[in-house]
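Below: one structure, written as structure tokens.
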Number of protein chains: 2
Amino acid sequence: MSSVVTGSERIPAAERREQILDAATRVFGELGYAGTTTDRVAREAGISQPYVVRMFGTKERLFIEVLERTCDRILAAFDAAVDADGDPRPLAARIGAAYVELVDTDRGILLSLMQGFILGHDPAIGPVARAGFMRLFERLREAGFGPDESTGFMARGMLINTLLASGLASSIGEDRCVSELFTSTFGDKIGIVAPSTQD
Amino acid sequence: MSSVVTGSERIPAAERREQILDAATRVFGELGYAGTTTDRVAREAGISQPYVVRMFGTKERLFIEVLERTCDRILAAFDAAVDADGDPRPLAARIGAAYVELVDTDRGILLSLMQGFILGHDPAIGPVARAGFMRLFERLREAGFGPDESTGFMARGMLINTLLASGLASSIGEDRCVSELFTSTFGDKIGIVAPSTQD
DNA sequence: GTCTATACTAGGATAGAC
DNA sequence: GTCTATCCTAGTATAGAC
């Protein structure tokens with residue numbers, strides 16, 4: 001659950017920055033770059049719209065910061081999975097699980113990254129998104145996976161992102177085919193995405 | 001190569017409709033729903049902005065029509081691959097190749113569909129996008145593929161869409177890792193996405 | 001560090017002529 | 001069937017007070 005900010009006390013800039021980035025990650029993930037307004041981000045962060053702009057210069061720069069932070073976090077999750085010696089599962093299973101668990105921790109991370117990827121045309125954002133994508137791929141290669149296996153990982157990741165973004169998860173249980181699809185995609189981790197009954 | 005319309009003679013509504021849908025498919029695919037302006041679509045179709053709105057009512061409806069048409073075309077390509085008795089390759093290879101070849105025919109199709117998937121939050125567009133996604137999945141199931149295999153197909157499709165949208169294709173040859181990734185993703189069909197040398 | 005007020009532009013949609 | 005003119009809202013960004 002992401003902490004929803006309410007008031008607007010006078011707090012250190014660095015901390016406010018993080019709050020804004022958290023809010024922006026959620027909103028960009030849901031509405032995309034063009035669909036997001038700085039005002040919406042501001043309200044979710046509990047501050048005024050001009051302050052968001054003041055702090056990041058432009059909406060574009062805000063998005064780029066979100067993208068980079070997002071990518072860093074996924075890499076950190078990969079690294080943690082690689083270094084988890086206590087875990088008896090094979091490396092591939094650990095990294096896969098780490099990615100799926102990010103959905104639970106903060107799905108804005110995966111969604112905003114996905115939004116960045118499909119913005120390749122944009123002269124400022126495109127290069128950042130492409131670099132992020134390749135950093136993820138390269139990290140898999142460095143972890144010892146071959147080209148095909150790494151590509152397979154990325155493919156499954158893109159499917160996960162798309163399923164989350166599309167909102168299909170809420171039809172699990174209603175539609176037999178959707179259930180099949182999610183079971184194949186998430187395996188025993190399906191509980192993370194399946195909506196609770198009292199929705 | 002998509003035919004770029006220039007003039008604006010008086011032509012039958014049905015034909016104009018198709019021109020607009022073609023243009024809209026391209027533009028939505030590149031810029032996303034929120035990022036696309038009806039004016040841009042109009043200019044690409046060689047007509048005035050109000051006429052686009054006049055013909056489709058709202059930008060939202062235009063996008064929904066694009067989405068549905070797009071989905072129909074992909075299903076048609078799948079069906080053609082299933083029914084291709086002359087082709088000696090196994091069914092899985094034929095369907096995979098059919099999807100990749102759509103990139104060549106009209107990459108706007110894949111991109112605009114992807115843009116729809118990512119818009120699940122939208123109350124009007126979300127349901128259409130989800131239905132489209134499931135139609136594709138179900139068609140694979142009907143063609144005889146199991147849940148896991150069908151899911152694998154969708155995953156590879158989402159990766160292809162993401163790679164196209166991100167614009168990474170233009171770095172093939174420049175970056176060793178990018179080349180690896182594209183070779184793994186597109187196999188011997190890589191020529192379709194690789195940019196020609198005199199770019 | 002944070003706000004209010006506001007300037008300015010873009011863009012969807014409508015009216016109505018031809 | 002298609003255009004021009006235009007309305008109106010939304011949204012980024014700036015100025016400047018507190």
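Protein chains get the first letters and strands the later ones, always in sequence-line order, with residue 1 at the start of each. Given the structure is predicted, the values throughout are model-derived calculations rather than measurements.
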Could you check whether B:D83 pairs with B:R94 (Lys NZ or Arg NE/NH1/NH2 to Asp/Glu carboxylate O, under 4.0 Å)?
no

Tell whether A:R54 reaches the base of D:dG16 with its side chain through a donor-acceptor pair below 3.5 angstrom.
yes

Could you tell me how far apart A:R16 (CZ) and C:dG1 (P) are, to the nearest whole angstrom?
10 Å

Round to a whole Å and report the spacing from CZ of A:F56 to P of D:dT14.
16 Å

In whole angstroms, how far is the C1' atom of D:dG11 from the CG atom of A:L31?
14 Å

What I'd like to find out is whether the side chain of B:M158 reaches to under 4.5 Å of the side chain of B:M114, using heavy atoms alone.
yes

Sugar-phosphate, base or nothing in reach of B:P50, heavy atoms under 4.0 Å
base

Distance test, side-chain N/O of A:T38 to OP1/OP2 of D:dT12, below 4.0 Å:
yes

Could you tell me if the side chain of B:F28 sits less than 4.5 Å from the side chain of B:L67, heavy atoms only?
no

Residue closer to the 5' end of DNA chain D, A:T58 versus B:S48 (nearest nucleotide):
B:S48

Rounded to the Å, how far apart are B:Q49 CD and C:dA13 P?
9 Å

Could you tell me whether A:R139 and A:E142 make a salt bridge, using a distance below 4.0 angstrom between a side-chain N and a carboxylate O?
yes

Check this for me: does any side-chain nitrogen of one of B:R26 and B:E30 sit under 4.0 Å from a carboxylate oxygen of the other?
no

Expressed as a whole number of angstroms, how long is the span from A:I47:CD1 to C:dT4:C1'?
15 Å

Residues A:D39, A:K59: salt bridge by 4.0 Å N-O rule:
no

Report the nucleotide, chosen from C:dT14, D:dG1, C:dC3, that has the shortest atom-to-atom distance to any side-chain atom of B:V53.
C:dT14

Under 4.0 Å between a Lys/Arg side-chain N and an Asp/Glu carboxylate O for B:E18 and B:R69?
yes

Does A:T37 have a side-chain nitrogen or oxygen under 4.0 Å from the phosphate oxygens OP1 or OP2 of D:dG11?
no

Whole angstrom is fine here: how far is it from CZ in A:R40 over to P in D:dT12?
12 Å

Between the two ends of the helix from C:dG1-D:dC18 to C:dC18-D:dG1, what is the bend in degrees, rounded to 10 degrees, where each end axis spans five pairs?
10°

